[in-house]
Amino acid sequence: TIHSDAKLKDPFTLAQKDLTSLYDDIKKELFVSKEELKSLNRAGAIAMISEMIHTASLVHDDVIDGSDKRRGKRTINEVWGERKAILAGDFILSAASMALARIGNNTVVKVLSQVIEDLVRGEFMQLGSKENENERFKHYLEKTFKKTASLIANSCKAVSILVNSDPEVHEIAYQYGKNVGIAFQLVDDVLDFTSGASQLGKPTAADLKLGLATGPVLFACQQFPELHAMIMRRFSSNGDVDRAWQYVLQSDGVQQTNYLAQRYGQEAIRQISMLRPSPERDALIRLTEMVLTRDK
């Protein structure tokens, strides 16, 4: 059986104790002298470092995208201006690197350094687009891995390296994180077309406005080849964003992207189910299901 218990424990309840101190630990890491830093459990430190790398990448993303809001709050570049926002992201990243060095495990340093490289490469990939349609979808999934899933995959792997010596377990942890990460982003790309629609009568379509062709658009392009030219000019002509949104609506792009997300989610569950049964394993299965059914 895939899960040992039909009613799975809420993963956030299970991690509540660790999460409570996470943000305090990050604040200390950023603003308190090193002598005052309490010694962190090394596996707990991975969560802190991952969250710091993640936050730094969001700060820089908002500068690149010129965003003035993130999840309803004003962005750092909106409050402080672009130059200070870039420096703030760099500062968080440097503090994360220092904390990473203190863990003192070379393999873990290598694994989490890969995340930083992938984030930068993923951002570069997002700035480009492919002419050929097959290449374009491959490019999109690779960009999705680098910008989103690599952080989760390598964080899971890093924790497993610190607590378990079996390379097979490290690989399962990595594959679980990779598949959950890609599923998460695919759901995100769907929500860009569907979440605002019910409340506002039209979608946020933020990705289209940024010139980005995500899963729903790439699938829609198979049914409506007119989208090809718009994708190549990054929806920059007058009316492109609205027309592209209409094409996506008339196609099955949203359903196809959702179906693809489900497939990645199922693979994540298949991977993590290879570990012996435990409340934590079941919570990770439940977490995957929550990623697939979220609506915001």
Side-chain angles (χ1 to χ4, degrees), residues 11-12 14-63 70 76 80 84-123 145-178 180-181 184 272 275 278 280-281 283-284 287:
F12 297 107
L14 205 58
Q16 197 58 52
K17 199 156 88 298
D18 300 316
L19 289 173
T20 312
S21 64
L22 181 67
Y23 296 107
D24 288 338
D25 290 336
I26 290 174
K27 280 180 193 154
K28 282 185 182 145
E29 191 64 44
L30 290 173
F31 303 116
V32 173
S33 73
K34 295 290 171 262
E35 293 73 46
E36 291 177 75
L37 258 177
K38 64 187 178 73
S39 65
L40 273 168
N41 169 310
R42 292 197 310 167
I46 301 285
M48 181 186 78
I49 292 161
S50 298
E51 188 57 33
M52 289 165 85
I53 293 171
H54 180 219
T55 303
S57 77
L58 297 181
V59 172
H60 283 165
D61 267 7
D62 287 340
V63 173
R70 176 166 288 277
I76 292 186
W80 286 353
K84 281 186 180 168
I86 292 166
L87 290 172
D90 290 347
F91 175 58
I92 298 167
L93 212 45
S94 70
S97 302
M98 296 283 285
L100 181 55
R102 279 206 307 279
I103 286 178
N105 179 309
N106 276 347
T107 314
V108 168
V109 170
K110 205 168 149 194
V111 165
L112 286 183
S113 299
Q114 185 64 48
V115 173
I116 300 171
E117 182 187 326
D118 284 346
L119 281 166
V120 177
R121 286 183 184 275
E123 199 60 61
F145 169 74
K146 283 183 161 48
K147 276 203 69 180
T148 306
S150 171
L151 176 75
I152 304 170
N154 285 299
S155 299
C156 290
K157 185 177 181 177
V159 170
S160 75
I161 288 167
L162 287 178
V163 297
N164 190 300
S165 58
D166 184 353
E168 277 185 41
V169 172
H170 305 164
E171 184 58 21
I172 289 168
Y174 178 87
Q175 290 297 335
Y176 169 77
K178 172 184 166 179
V180 163
F184 179 91
I272 207 70
L275 299 181
S278 68
E280 289 77 13
R281 187 197 73 164
L284 289 171
L287 186 66

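No side-chain heavy atom of Ile92 sits under 4.5 Å from any side-chain heavy atom of Ile53. Under the 4.5 Å side-chain criterion, counting only non-hydrogen atoms from C-beta, Leu100 is in contact with Ser113. Proximity of Leu275 to Tyr176: side-chain heavy atoms (C-beta onward) are nowhere separated by under 4.5 Å. Looking at Ser155 and Leu112, their side chains come closer than 4.5 Å, going by heavy atoms from C-beta outward. Looking at heavy atoms from C-beta onward, Ile103 lies out of side-chain contact with Val109 at the 4.5 angstrom threshold. You'll find the side chain of Ser57 stays beyond 4.5 Å of the side chain of His60, heavy atoms only. Side-chain contact between Asp61 and Arg70 is present, with at least one heavy-atom pair separated by less than 4.5 Å. Residues Ile26 and Met52 form a side-chain contact, since some pair of their non-hydrogen atoms from C-beta on lies under 4.5 Å apart.
Across all non-hydrogen atoms, the minimal contact from Ser165 to Pro167 is O-CD, 3.3 Å. Between Cys156 and Ala173, the closest heavy-atom pair is CB-O, 3.3 Å. Scanning all heavy atoms of the two residues, the minimum distance from Lys178 to Ala153 falls at N-CB, 3.4 Å. What you find for Ile46 and Ala158 is that their closest heavy atoms are CD1-CB, 3.8 Å. Residues Leu30 and Ala95 approach most closely at CD2-CB, 3.6 Å, considering heavy atoms. The two residues Ile161 and Thr107 have their closest heavy-atom pair at CD1-CG2, 3.8 Å.
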Assess whether side-chain contact (heavy atoms from CB on, under 4.5 Å) is satisfied between Val111 and Tyr174, documenting all intermediate values. CA-CA 10 Å; Val111 165; Tyr174 178 87; over 6 Å; no
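Between the side chains of Ser160 and Asn164, not a single donor N or O lies within less than 3.5 Å of an accepting N or O.
A donor-acceptor pair is defined here as one N or O able to donate and one able to accept, closer than 3.5 Å; such a pair exists between the side chain of Ser94 and the backbone of Phe91.
Taking OG of Ser97 as the start and CD1 of Ile49 as the end, the distance is 9.0 Å to the nearest 0.5 Å. Annotation: the span from Ser21 atom OG to Lys28 atom NZ amounts to 8.0 Å, rounded to 0.5 Å. Gln114 CD to Leu119 CG: the interatomic distance, rounded to the nearest 0.5 Å, is 10.5 Å. Here the CG-CE distance, from Asp18 to Met48, works out to 13.0 Å after rounding to the nearest 0.5 Å. The line from CD of Gln175 to CD1 of Ile172 is 9.5 Å long, rounded to the nearest 0.5 Å. Interatomic distance, CZ of Arg121 versus NZ of Lys146, reported as 7.0 Å (0.5 Å rounding).
The only option from Leu58, Thr55, Val59, Val63 that meets the side-chain contact (heavy atoms from CB on, under 4.5 Å) definition with Ile76 turns out to be Val59.
Salt bridge annotation for Arg102-Glu29: present, with a cationic side-chain nitrogen under 4.0 angstrom from a carboxylate oxygen.
Summarising the local packing, CD of Glu168 is surrounded by 12 or fewer heavy atoms from other residues, nucleotides or ligands at distances under 6.0 Å.
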